[in-house]
Each structure stands twice: as structure tokens, then as C-alpha cells.
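One structure is given below, encoded as C-alpha cells.
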Amino acid sequence: MKVGGYLNKKNKIKITIAITLIITLVLVSVIGFLYYKKLENEKEMNTPQAVLEYYIEQINNNNYAELYKLLSTESKTEISEEDLTKKYKEVYNELGVSNTQISDVQTQKIDINNAKITYKTNLQSIYGNINYLNTISLVKEADKKYYIDWDYNVIYPELQKEDKIVIKKNKAKRGSLIDRNGRLLAGSGYIASVGLVPGWMNEETKAQDIVTVATLLGTTPESINKKLSASYVKADTFVELDTISKQKQSTIYNLNQINGVKIKDIESRVYPFGVETAHITGYVQKANSKDLEKNKLYDENTLIGRTGLENVYEDRLKGTDGYEINLVDNSKNIRASILKTEKVDGENIKLTIDSDIQSKVYSIYATDNSATVVMNPKTGEILALVSTPSFDPNNFVIGMSSQEWNELNNNANNPMYTRFLRSYSPGSSFKAIMGAIALQTGTITGSTEYEKSGKSWQKDSTWGDYYITTLKEYNTSTNLLNALINSDNIFFAKTALKIGSSKLEEQLKSIGFEKDIKFEMGLNKSQISNEGKFVNEVQLADSGYGQGQILINPIHYASMYSAFVNEGNMVMPYLEIKENNEVTYLKENAFSKEVANEITQDLIQTIENPEGTAYSARIDGIKLAGKTGTAETKTNKGESDKEFGWFNVFIADANSDNQLFGSS
């Protein structure tokens with residue numbers, strides 16, 4: 001016998017017969033099972049409850065063709081399968097039913113061939129649960145199975161052939177965003193609807209007036225003439241041309257000087273502070289096709305928060321619309337009330353923002369590319385968040401032309417970019433944090449001095465041609481105080497190396513680096529480096545004075561600096577007013593009380609000392625502490641790409657009524 005064996009003719013016949021028998025047995029089993037199921041189903045259809053359960057199953061599967069088979073012979077003479085399907089779809093689609101459930105089923109046998117079945121129905125609708133009691137009649141036919149003696153009230157009690165479902169929406173009012181003093185930042189207000197009344201126009205100046213109106217509204221005379229020539233327009237018709245913000249007072253004034261112009265107030269979502277608070281509030285827009293597809297309760301006038309706190313607090317601001325759903329006959333009489341829900345208006349959310357401070361800060365930096373955070377360092381309340389340049393959120397509600405949108409979207413200064421949520425290289429402003437870490441870890445003391453290195457230094461020749469430079473030499477001791485006053489890069493580079501990469505990474509992570517910071521608006525993480533660690537000695541040294549790949553979010557930075565006025569505790573920043581005044585901390589005991597006090601005293605001198613880099617910021621009568629910083633990002637070696645200027649400052653007088661921290 002060969003390896004692998006062989007088959008003779010006889011063996012082949014035996015195997016063929018065996019396979020045939022197996023296939024036959026399988027087929028017999030399948031046919032038997034299907035026949036059994038058929039008998040089982042037929043047996044089940046012999047009870048009224050089985051018919052009801054099958055009826056509900058077909059409704060939930062939207063299988064109206066199968067549903068039609070359950071109708072009695074007489075019922076089928078009254079309605080076609082097409083009309084039955086149409087009516088079910090009309091009712092169930094109108095109500096937005098996703099599932100139908102029944103309970104408390106009660107069966108009553110009338111006689112040998114007739115039965116009634118009563119049950120509670122729960123329609124799970126997009127408008128809420130619709131509950132009602134229903135009764136259907138069933139008749140046993142020649143095949144000994146029950147069929148539904150169908151009428152329109154099988155779908156819903158009291159429903160008749162010509163009845164309609166009428167849904168009335170009671171729209172919820174969107175909640176407002178208000179500042180700490182109750183001033184409206186986003187909420188209900190009025191905009192100006194600008195139009196022309198043809199009969200009021202001066203025929204002699206009409207052509208020029210249309211040109212003037214077009215110029216003021218940023219449209220074309222052709223567009224206005226097209227609207228005026230519409231078939232519905234009569235002499236006394238108000239022809240709306242555009243809507244504009246009521247803040248455009250000069251435009252409204254000039255429009256009112258033109259014959260035929262009429263301006264009406266219409267209710268709208270408004271942002272009274274416009275560009276000043278745009279990046280905090282964000283804006284709303286009307287629902288688009290994707291929104292309408294996603295949420296069947298939305299309509300074309302539904303406002304949805306797209307950016308900022310309008311988006312963050314969307315679920316709380318939008319409220320819940322109320323609905324009245326009625327069954328109405330041909331004469332528009334209400335035959336039955338199907339469902340009624342009360343509207344719930346959206347919440348009014350009070351913010352920690354002080355609009356006076358917000359406006360002042362914005363006016364200072366309006367023409368710059370900047371991010372500014374003003375915080376109460378004792379409580380964590382954010383008093384101002386400014387990002388410049390900015391945009392007017394009112395324009396998103398009123399609507400913009402494609403030209404206006406393109407100008408905004410393609411602006412090289414990115415006015416829609418929310419800068420205070422991003423992270424940036426901190427430059428020398430980071431030296432205060434480095435000094436605190438060095439003191440906290442015992443790496444240095446306030447009296448530690450390094451050997452003077454001039455304006456250029458490298459650790460050793462392994463750094464090749466790379467040197468750390470600083471702006472100026474100074475004659476005083478190279479200790480922490482003087483290094484902060486003179487913003488000595490070399491001092492802090494040496495200190496970072498002395499701390500070491502592992503310990504510095506550990507300390508930075510303990511105060512929130514490489515972590516998501518809990519805040520109402522999503523913040524970019526502050527990072528140690530792109531890899532989350534120091535990859536070499538040069539990067540470690542550069543990071544000591546806020547260069548390398550260190551990036552810090554301004555709001556997180558405010559928390560870090562708050563430790564200097566909170567005995568070493570980093571306060572948790574927040575934007576929504578709390579019911580209680582309980583202070584929470586992002587990091588308790590980030591630094592000791594002694595370390596926090598020493599850094600504070602040194603930062604006072606960076607402003608008070610004439611040699612201090614922040615001396616120009618001193619204000620008579622107010623004790624300030626702070627640190628400036630300038631950071632460069634580079635695309636290629638030696639090539640400057642962008643430069644960031646920082647100024648972190650706080651009121652250092654513990655007895656002051658105005659505890660403020662500002663970072664710009």
C-alpha cells in the first residue's frame with residue numbers, strides 16, 4: 001500500500017452512499033424542523049393573544065405587508081394593502097414612533113368564533129411616551145385561525161379614515177449667558193430687519209436710493225430690484241432686504257434717511273458685547289440638513305450652539321420644547337388629545353466673567369494676536385478671557401454673505417482662533433516656576449550662586465557649537481533673586497541640569513503637565529516636550545528658561561502662578577459661578593509656603609527694581625509681582641519663526657481687596 005493510502009472502486013461506492021445518506025438525513029431534519037415550526041406557528045395563530053403579539057411584532061418591524069395578512073376576509077374588502085400601509089406610516093411616522101409595547105392583555109371570548117382583546121399600548125415616540133387603552137375584535141375563519149376585524153381605531157382609539165395627526169410645538173426659550181454682575185453676554189434680544197416699502201419711495205431718486213441702500217447693506221442694486229419686482233409685491237408691501245445688528249447704529253441712522261426704508265425690530269439671539277466676548281460665548285446657528293436628519297425634533301429655526309460656551313452648555317441652554325398632539329377631523333375639530341408636554345425653558349448660566357474687565361482688556365489688545373487671562377488667584381474665578389483679533393458672533397446669527405464668510409475664514413490673523421485654549425512656549429516667564437521647583441526639591445537655596453558665565457555658555461564640548469545665551473551681564477551675585485530680576489537664561493539652564501530630567505519631569509507632571517486640566521472649555525495640555533519627556537541634555541537645559549519644547553496653556557499657567565499667593569496651593573480655575581464659595585485646588589502643596597513666599601518676593605523685585613525686566617509695569621501704590629517672557633519657535637536651526645511675549649503678574653499685597661492675576 002502506498003503512503004497516503006488508496007481507494008478502490010468498491011470503497012468509492014461505499015463513501016458515495018454514506019455522503020448521500022448524510023445529505024438526505026440533513027435535508028429531512030431541516031424540512032422536519034421547518035414543518036414543525038409551520039405547525040407551531042399555525043397552532044399559535046389559533047389564539048387571540050398570539051395574533052396580537054404577531055401584530056405588534058410586524059408593526060415594530062414596519063412590515064405592513066405581513067400585517068395585512070392578519071386582517072379578516074371582510075376587513076380586506078374595506079381597505080387595500082396599499083391604503084393600510086399608507087395609514088400606518090402616516091400615523092407612526094408623524095408621531096416618530098420607534099417602538100410599540102403592550103401590557104395588561106385581557107382576552108374575552110364572545111362565542112365560539114369571536115373574541116375581543118383589550119390591552120395597554122405604549123408608543124415610544126420622539127415626543128415622549130404615548131399611552132392608551134385599546135380593544136380589537138377577532139374572528140375565527142374556516143382555517144380555524146383568528147383574524148383581526150380591522151378598523152381605523154385599531155391603529156389608535158377614535159381614529160377615523162380622514163382624521164389627521166396635528167402637532168403643535170410650544171418652543172422653549174434658549175437660556176442666557178450672563179456675567180457675574182448680571183449683564184447679558186448671550187441671550188434673547190432684537191436685531192433690525194431692513195426693508196423697502198415701494199409706495200413710500202421717491203420715484204425721482206429711486207434708482208440712486210437703491211444704490212445707496214445696497215452699499216449700506218453690502219449687497220447689489222440688482223439683488224434689491226429683483227426682490228422689489230416679485231409678483232407678490234404691492235405698493236404697501238414691506239420687502240425685507242436684510243437683517244443687521246442693532247449695534248450698527250450709524251448704518252441704521254443712514255438707512256433711516258432714505259425714502260422708502262422701513263426698519264423693524266425682530267427677536268433674535270444677540271451678543272451685546274460682540275467681538276469682546278466672542279471666544280467665550282461662541283455663537284449659535286440655525287439647524288442645517290445634517291442636524292435635521294440627526295434630530296427629528298429640530299426644525300429649520302432651531303438654534304444650535306456651534307462654538308464656545310454656546311456649544312459647551314448646549315444641553316442646558318436649549319431647554320425642551322413642549323408639544324400638543326391632537327387627533328383632528330376634517331372640520332379641524334379635535335377628536336382626541338394624544339399627548340401634551342409642557343415646555344421647559346433653557347437655563348440661565350451665570351459666569352465668573354466681569355464684562356467691565358473683559359472690555360478693558362480687549363480694548364488694549366484688540367489689534368494684536370494675543371491671549372489674556374484675568375483670574376482671582378484666591379478663588380480661581382476667571383474674570384476675563386480675551387483672544388484677539390476677534391469676530392462678531394452676531395453675524396453668524398444674522399447671516400453672512402459668502403464674501404463676508406470668506407474674508408473672515410481666510411483672514412491671515414485667524415480671528416476665529418481661540419488663543420486662550422491653546423498652549424505656547426512660555427519663555428522667561430517660566431523661570432518663576434523653575435525657581436520654585438528648584439527650591440522645593442532642595443536643588444538650590446536662595447543663596448546658591450553659580451560661577452559667572454558671561455552672555456554665552458555651554459556645559460561642555462559635547463554640545464558642539466550649541467551655546468545658551470542671555471541678554472545681559474550683571475554685576476550682582478548670580479543667585480535666584482538676581483537671575484529673576486535680570487532674566488538670566490544661563491542660571492536657569494544650569495539649574496535644570498542640576499535638578500535632572502527625571503526629577504524635573506516628575507515635578508512638572510505633579511503640577512499638571514501632560515494632563516487634561518478640568519475646565520468648562522477644553523484646554524490644550526501643557527507639555528514637557530513633544531515626546532512627553534526630556535530627550536537630551538540640551539533640551540533639558542533649554543527648558544529651564546522656558547524654551548526647548550515646553551508649552552503651557554495660559555489658563556493652566558494662571559493656576560501655577562496662583563500658588564505664589566495661596567501658600568503653595570494651585571487654585572482650580574473655573575468659569576461658572578458656584579452656589580457656594582468653596583475653593584478647590586488643582587494641586588495642593590505644589591510648593592511649600594516658604595517657597596511660595598520667596599518666589600513672590602523675588603517677583604516683586606522684577607517689577608520694583610530698576611534693573612528688573614518688568615520695571616516698566618510698576619504702579620505707584622500697588623504692590624505687583626510678575627515675570628515677563630519672550631519665547632521663540634524655530635522651524636530651522638537659527639531661523640526665527642514666531643515670537644511670543646508673556647507677562648504674568650499678580651497683586652502681591654495680601655491685604656488688598658483686589659486679588660487679581662493677569663497673564664498676557
Side-chain angles (χ1 to χ4, degrees), residues 179-181 276 352-388 420 426-433 435-436 471-472 474 476 480-488 546 552 554-555 557-567 570-571 573 596-631 644-664:
D179 85 342
R180 65 187 303 110
N181 300 310
E276 295 174 4
T352 58
I353 295 295
D354 185 316
S355 55
D356 285 335
I357 297 175
Q358 182 81 15
S359 296
K360 287 175 184 175
V361 173
Y362 178 83
S363 66
I364 294 169
Y365 297 109
T367 59
D368 296 329
N369 289 344
S370 75
T372 303
V373 180
V374 180
M375 183 183 79
N376 183 329
K378 287 288 188 181
T379 65
E381 295 168 284
I382 299 293
L383 303 175
L385 279 178
V386 174
S387 178
T388 59
F420 54 72
S428 292
S429 65
F430 186 62
K431 291 168 182 173
I433 304 301
L471 290 175
K472 66 176 184 178
Y474 50 95
T476 52
L480 177 59
L481 170 62
N482 292 322
L484 285 168
I485 289 172
N486 294 281
S487 202
D488 184 351
I552 300 180
I555 297 170
Y557 219 178
S559 177
M560 291 184 215
Y561 264 71
S562 75
F564 302 138
V565 293
N566 281 315
E567 299 184 347
M570 287 169 52
V571 77
N597 182 63
E598 183 166 349
I599 294 295
T600 297
Q601 297 308 311
D602 290 354
L603 293 180
I604 290 171
Q605 290 307 306
T606 67
I607 293 177
E608 294 290 334
N609 191 308
E611 296 298 316
T613 54
Y615 181 71
S616 61
R618 68 185 296 274
I619 300 173
D620 289 337
I622 300 177
K623 187 184 290 185
L624 297 178
K627 185 71 187 78
T628 56
T630 304
F644 298 97
W646 286 83
F647 186 33
N648 290 3
V649 62
F650 57 91
I651 296 174
D653 185 352
N655 297 317
S656 172
D657 292 332
N658 298 310
Q659 291 290 333
L660 291 177
F661 165 86
S663 177
S664 297

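Every heavy atom of this structure was used, including side-chain atoms; hydrogens, water molecules and symmetry mates were not.
For the residue pair K623 and I604, the shortest heavy atom distance occurs at CD-CD1, 3.6 Å. Considering every non-hydrogen atom in both P554 and V373, the closest pair reads CB-CG2, 3.7 Å. Residue M375 comes nearest to S562 through the heavy atom pair CE-CB, 3.9 Å, listed as atom of the first residue, atom of the second, then distance. Nearest heavy-atom pair across A483 and Y474 is CA-OH, 3.9 Å. Shown here for F564 and A432, the closest heavy-atom pair between the two residues is CZ-O, 3.9 Å. Taking both residues in full, the closest heavy atoms of P426 and G546 are given as CD-O, 3.4 Å, listed atom of the first, atom of the second, then distance.
Remark: T628 engages T613 in a side chain to side chain donor-acceptor pair (under 3.5 Å) (not counting sequence neighbours). Every residue two or more places apart in sequence or in another chain that forms a side chain to side chain donor-acceptor pair (under 3.5 Å) with T379 is listed here: E381. D179 is linked by a side chain to side chain donor-acceptor pair (under 3.5 Å) to S355, counting only residues two or more places apart in sequence or in another chain. Every residue was checked against the side chain to side chain donor-acceptor pair (under 3.5 Å) condition with N566, not counting sequence neighbours, and none meets it.
Annotation: the span from F650 atom CZ to T600 atom OG1 amounts to 4.0 Å, rounded to 0.5 Å. The CG atom of D602 sits 5.0 Å away from the CG atom of L480 when rounded to the nearest 0.5 Å. Considering CZ of F647 and OG of S428, their distance stands at 13.0 Å, rounded to 0.5 Å. Going from atom CD1 of I619 over to atom CD1 of I607 covers 8.5 Å, rounded to the nearest 0.5 Å. Here S387 contributes atom OG and E276 contributes atom CD; the two are 13.5 Å apart, rounded to the nearest 0.5 Å.
Residues I433 and Y561 have side chains in contact (heavy-atom distance under 4.5 Å, counting atoms from C-beta outward). When side chains are defined from C-beta on, M560 does not count as touching N648, because their heavy atoms never get closer than 4.5 Å. Counting heavy atoms from C-beta outward, L624 and I651 have side chains that approach closer than 4.5 Å.
Crowding of L471 atom CG: a count of heavy atoms from other residues, nucleotides or ligands under 6.0 Å not exceeding 12.
Pairs engaging residues 352-375 under the salt bridge (charged side-chain N to carboxylate O under 4.0 Å, His left out) rule: R183-D356 [sequence neighbours left out]. Evaluation of the salt bridge (charged side-chain N to carboxylate O under 4.0 Å, His left out) test over residues 607-616, restricted to residues two or more places apart or in two chains, returns K472-E611, E608-R618.
No donor-acceptor pair closer than 3.5 Å links the side chain of T606 to the backbone N or O of A614. Although no hydrogens or angles enter the test, the distance criterion places no donor-acceptor pair under 3.5 Å between the side chain of Q605 and the main chain of I485. Panel note: side chain Y362, backbone T388; no donor-acceptor pair is recorded below 3.5 Å.
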**Message:** Go through it in stages, so that I can follow the logic: the residues are T372 and I364, the test is side chain to side chain contact (heavy atoms under 4.5 Å, CB included), and I'd like the CA-CA distance, side-chain angles, deciding distance and then a yes or no.
**Reply:** CA-CA 10 Å; T372 303; I364 294 169; over 6 Å; no

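Here the options are D488, L603, L484, the test is side-chain contact (heavy atoms from CB on, under 4.5 Å), and the partner is K431; only L484 passes.
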